[in-house]
Amino acid sequence: MNFGGVIETVVTSKEFSLEKAREVLKDETIAVIGYGIQGPGQACNLRDNGFNVIVGQREGKTYEKCLADGWVPGKTLFSIEEAVQRGTIICMLLSDAGQIAVWPKIKPFLKAGKTLYYSHGFAINWNDRTGVVPPEDIDVILVAPKGSGTSLRTMFQEGRGLNCSYAVYQDATGKAEEKTIAFGIGIGAGYLFKTTFEREATSDLTGERGSLMGAIEGLLEAQYEVLRENGHSPSEAFNETVEELTQSLGPLFGEKGMDWMYANCSTTAQRGALDWAPRFREAIKPVMQWLYLSVKTGKEAQISIDANSKPDYREGLNKELEAMRNMEMWRAGETVRKLRPENN
C-alpha cells in the first residue's frame, strides 16, 4: 500500500480472512501469559473468534478478573508455568519488568516448534540488557496493537478493529509469518503493517515519551502555565489548552486529517496555526532527535529496567501520579468534566 509515496506491506481481513486465520491456527493452543494491560483484550477477542485459548496468571487481584471474564481454573486458567507447558503459542503479555522476572522459569518449557509471541519488542530487542534470549528452534513473533488492550476489546465489541504492527524475529518452522498474520486477524486487528522488533520497540518508546504522552503533557503544562501567569482563570486556561483539543479538534483531525480540521476552524485560527506550526516543529525537533538517540542506544530501556526493578517502584510511581493529579490544571479538568452536558 502507498503511504505518501512510500510502499508498505499491509494486510487486512479482506486478504487474510478470519476463516483462514482459524485454519492456520487450528492445531495451536494459545497461552496468554499475564492478564494486565493487553492480556484481557487479546485473550477474550481470540476466544470470541473461535480460537483455542488458555490463560496463565498467578492468584491475586488479577486472577479474580480472569474468573470474572469466564476463564475456568483447571480448564482454561492455569499457573504461568502450566500454561506455558500446555501452550504451543506462548503470549508474553506481562509487563516488560514481569517478562524479565519470569523468563528463567518459563524458558525450559519452550520446546522445539513452539512459538513465542510478543506485543512489544522491548525484551527481545534489548536482550543484552533483559537476558531474554529465546531458543533457536522456536518461532518468535510479534503483533503490537496501536492502543491499549481496553481499546482493542471495546473496538472489537463495536465491530471495529485496532490497527497493529507485526513482525517476525525468528522463523524456525518456516511458517512464522503466516502464524503472525493469523494471530493479528484473530485478535481483531483493523489492519496489520509490517515492521521489525527493533523498529517497533524504538518507535513505541519514542512515541510514549513523545507525542503520545510525555511531550503532550509537557506542551499542555507549558501553555496552561503561561495563560495562568497572564491572568486567565483556571477554567479559561483549561478549556483553551485541553478541553477544546480533546472534545472538539482532536476528533476532527482524527476522523479526516489535520487539513480538514483546519478547514473547519476560523480563518484567524487557520492563519495563526499555519504560521506557528513550523516554529514549534523547529523548536521541538532537536528534543525529539535527542529522545530517539536515547531510545536507540538502549539508554531509555536501561532506565526502565532499573526503575522497575526497585522494590518500592510502585509506591514511587503512585506518588508521581498523585502529584500530577493534584496539579491545578488537572484539578480544573475534574471540574470542567463534571460540567459537560452529558454529566448534567
Side-chain angles (χ1 to χ4, degrees), residues 36-42 44-45 48 61 65 68-69 145-164 187-191 207-277 280 284 317-344:
I37 303 301
Q38 282 290 336
Q42 295 199 31
C44 290
N45 287 5
D48 289 355
K61 184 177 180 181
K65 177 170 173 52
D69 284 350
K146 298 298 106 180
S148 71
T150 301
S151 298
L152 181 75
R153 181 61 175 163
T154 300
M155 293 173 72
F156 175 84
Q157 291 173 319
E158 294 172 350
R160 301 185 294 142
L162 185 64
N163 298 334
C164 303
I187 65 172
Y191 74 80
E208 291 166 347
R209 286 150 180 76
S211 66
L212 301 179
M213 294 175 69
I216 190 67
E217 171 66 16
L219 170 65
L220 297 177
E221 287 181 19
Q223 179 170 305
Y224 182 89
E225 288 172 5
V226 168
L227 289 172
R228 291 288 288 124
E229 288 163 2
N230 283 277
H232 299 270
S233 71
S235 178
E236 185 169 57
F238 186 85
N239 272 278
E240 293 295 347
T241 301
V242 180
E243 191 75 352
E244 189 171 352
L245 170 66
T246 61
Q247 301 304 299
S248 176
L249 303 184
L252 289 179
F253 68 77
E255 181 183 356
K256 293 187 178 180
M258 190 66 74
D259 62 315
W260 193 76
M261 184 267 278
Y262 273 45
N264 283 274
C265 293
S266 71
T267 55
T268 302
Q270 291 169 5
R271 183 69 269 140
L274 288 167
D275 289 346
W276 277 90
F280 279 108
I284 293 168
L317 172 65
N318 288 338
K319 287 180 181 178
E320 289 182 277
L321 295 180
E322 183 179 9
M324 180 185 291
R325 184 170 59 251
N326 288 332
M327 290 172 57
E328 184 191 86
M329 179 172 72
W330 294 117
R331 292 205 315 272
E334 289 181 27
T335 302
V336 170
R337 288 191 293 274
K338 290 176 184 177
L339 294 172
R340 289 176 185 166
E342 65 268 23
N343 295 325
N344 288 286

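The first residue in the sequence is number 1, and the count goes up from there. All values below were derived from every heavy atom in this structure, side-chain atoms included, with hydrogens, water molecules and symmetry-related copies excluded.
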*Given side chains that start at C-beta, do those of K256 and M261 come closer than 4.5 Å, heavy atoms only?*
no
For L317, the side-chain contact (heavy atoms from CB on, under 4.5 Å) test, sequence neighbours excluded, returns Y313, R314, L321
side-chain hydrogen bond (donor to acceptor under 3.5 Å, both in side chains) filter on D275, not counting sequence neighbours, yields R271
Sequence neighbours excluded, the answer for ring-ring contact (aromatic ring centres under 6.0 Å, His included) partners of F238 is W330
Could you check whether any side-chain heavy atom of Q223 comes within less than 4.5 Å of a side-chain heavy atom of L227, counting everything from C-beta outward?
yes
query: Taking C-beta and beyond as the side chain, do Y191 and C164 meet within less than 4.5 Å on heavy atoms?
result: no
Report yes or no: do T154 and S151 form a side-chain donor-acceptor pair below 3.5 Å? no
Contacts of S266 meeting side-chain contact (heavy atoms from CB on, under 4.5 Å) (sequence neighbours excluded), chain-then-number -> T268, A269
Separation between CD (E244) and CG (N239), nearest 0.5 Å, reads 8.0 Å
Do NZ/NE/NH1/NH2 and the carboxylate oxygens of D48 and R153 come within less than 4.0 Å?
yes
(Q) side-chain contact (heavy atoms from CB on, under 4.5 Å) for H232 and E240? Distances and angles first, verdict last. (A) CA-CA 10 Å; H232 299 270; E240 293 295 347; over 6 Å; no
Are C44 and D69 side-chain neighbours, meaning at least one heavy-atom pair lies under 4.5 Å?
yes
Under 3.5 Å side-chain donor-acceptor pair for Q42 and Q38 | yes
By side-chain contact (heavy atoms from CB on, under 4.5 Å), E334 pairs with (sequence neighbours left out) R325, R337
So the salt bridge (Lys or Arg N to Asp or Glu O under 4.0 Å) pairs with at least one residue in residues 212-238 (sequence neighbours excluded) are R228-E328
